[in-house]
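Working notes for the structure below.
Order of the sequence lines sets the chain letters (A, B, ...), proteins ahead of strands, with each chain counted from 1.
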Number of protein chains: 2
Amino acid sequence: MSRELRAKVLQGEYADGQQLPTEAELSQSYGVSRQTVRRAFQDLVADELVYRVPGRGTFARSPRHGYVRQIGSIDDLMGLSEDTGLEVVDPLQRQVDLISAGRLRLGSDVVYRARFLRIHDGSAFCSTTVYLPPDVGRQLGAVEELTTRGATTTFTIIGLLEKRLGVQIAEAQQSITVASADDELAQALGCRVGHPLLRIDRLYLNGNGDGLELAVSHFLPEQYSYRISLRRST
Amino acid sequence: MSRELRAKVLQGEYADGQQLPTEAELSQSYGVSRQTVRRAFQDLVADELVYRVPGRGTFARSPRHGYVRQIGSIDDLMGLSEDTGLEVVDPLQRQVDLISAGRLRLGSDVVYRARFLRIHDGSAFCSTTVYLPPDVGRQLGAVEELTTRGATTTFTIIGLLEKRLGVQIAEAQQSITVASADDELAQALGCRVGHPLLRIDRLYLNGNGDGLELAVSHFLPEQYSYRISLRRST
DNA sequence: CAGTGGTCTAGACCACCCC
DNA sequence: GGGTGGTCTAGACCACTGA
């Protein structure tokens, strides 16, 4: 039920800041309790797809009213590899990893993991570890570029996901912070151990809110800065 | 109850990924129902302060405690100070600064500069230096909170700009990278010299593309991570 | 197996909004 | 007032974990 509601909102069913059905209406039409509806709404509010005003109702976040969220679109992320190469350091393989499995909101502890280096002008400036849910990982296991150590590609993983698996990425959640280079990262990036790195985690979700990919990247700050532009729409 | 629990987690009561009490235990010790405990946990999970594994338990997120905030629109930037305090370290004053003047695309070398500390839960987690064009700086010079060293406020500069000067901020350009703490920053933030910091530069523009404010912030990465959510426009 | 969190139901009272 | 969401209670069943 929460899936369906989320999908409806993402598909623009209630665009223009329209009012959504009330909790009572939804609980009746879906045949669930009001608490279940509330639980679904909590997630939508947390993701800022919807806002609620006590005593008035629930409204879809509209791009037309007030401020627009983000410019710095998912398509921009997908274009990241256009002028950079991706080299396979650790091929895609099955792995038990509690933390990444949790962040992908999986039921199990099993993920598929691969590690890459991003190359620009002949030098590595970023190390990326990609975690995939088991079903996604299995399907991408057939892609030669991901299973051959040392292979290089200009694909992005999300590009592959959309093209080969036909899934649609609707959302990306990013978290940006600072990390220190450990032995492995220092060797991969050619910096000293302890060197400060820009760490960017990206969680890609489909329209139902299922995690499709978790990418943990460490950038050399000397060669990369993250730029984003926020715009107000009038 | 949710407040107390959150405070305990933030204060590192369960640091090192320790296991938290179970829902049953908490509901008994606080004298509330299990659903109330669950509701409190949902917020902690949403803020990534805690993660849960079905059948195993609830665990504090490893070493990273402190302040997590989702920023995805200009509105969010303006609301940043809602639950943080801003302390004036250097009051607003006229200054010659070629670099910041250039970034504000001014014709002259004169800017107005002020320096702040962002406080959360009694500790500084961010140092911000704000640069304003001369005309803007002059008009804000009348604001007492900005000219008194040691004063604290919950305003944001851009909030003041929009309210007092009636200007409209149409765009914000951000650049995120890593910087090392110099003497001044180390002292202000209470870290060692050379400590890696998350540096976020924000340039606010009006609809004509004129620079209204340049804010250079250095965050303690242990207490702050920058989160943003991108959504595909349909 | 007992214990964990995940999900759900069916009620309740409240503060708030708007008519 | 009647309708909205905010909060809470007291149960229930499930899938999964770990010993």
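- When heavy atoms are screened at a 4.0 angstrom cut-off, B:R39 is found touching no nucleic acid atom at all.
- Checking the phosphate oxygens (OP1, OP2) of C:dG11, no side-chain nitrogen or oxygen of A:S33 falls inside 4.0 Å.
- Between the CZ atom of B:F59 and the P atom of C:dT4 there is a distance of 11 Å, rounded to whole Å.
- The distance between atom CG of A:L106 and atom P of C:dG5, rounded to the nearest whole Å, is 19 Å.
- Remark: C1' of C:dT7 and CZ of A:R38 are 16 Å apart, rounded to the nearest angstrom.
- Taking atom OH of B:Y51 as the reference point, atom P of D:dT17 lies 15 Å away to the nearest angstrom.
- Side-chain contact between B:V178 and A:L197: absent, with no pair of heavy atoms (C-beta onward) separated by less than 4.5 Å.
- We find that CG of B:D43 is positioned 11 Å from P of D:dC8, with the value rounded to whole Å.
- Applying the 6.0 Å contact sphere to CG of A:L98 captures more than 12 heavy atoms from other residues, nucleotides or ligands.
- Rounded to whole Å, the distance from CG on B:L20 to P on C:dG5 is 9 Å.
- Position along DNA chain C of the nearest nucleotide to B:P54 versus A:R34 favours B:P54 as the more 5'-ward residue.
- Each of C:dT9, D:dC13, D:dG5 was ranked by its minimum atom distance to the side chain of A:E23; first place goes to D:dG5.
- Listed nucleotides D:dA12, C:dG5, C:dC13 differ in distance to B:Q35; the shortest reach to its side chain belongs to D:dA12.
- Side chain B:R56 to base C:dG3: no donor-acceptor pair is found below 3.5 Å.
- Atom pair A:Y30:OH and C:dT9:P shows a separation of 14 Å (rounding to whole Å applied).
- With a 6.0 Å cutoff to the six-membered ring centre and a 45° limit on the axis angle, B:R52 counts as a cation-pi contact of B:F41.
- When the side-chain nitrogen and oxygen atoms of A:R52 are compared with OP1 and OP2 of D:dG5, one or more of them lie within a distance under 4.0 Å.
- Taking 4.0 angstrom as the limit, B:T36 places none of its side-chain polar atoms (N or O) nearer than this to OP1 or OP2 of D:dT7.
- The shortest distance between the side-chain N/O atoms of B:T58 and the OP1/OP2 oxygens of C:dT4 is not below 4.0 Å.
- Of the listed residues (A:Q93, A:Q139, A:R94), just one forms a side-chain contact (heavy atoms from CB on, under 4.5 Å) with A:Y112, and that residue is A:R94.
- More than 12 non-hydrogen atoms from other residues, nucleotides or ligands lie less than 6.0 angstrom from CD of B:Q19.
- Rounded to whole Å, the distance from CZ on B:F41 to P on C:dT4 is 11 Å.
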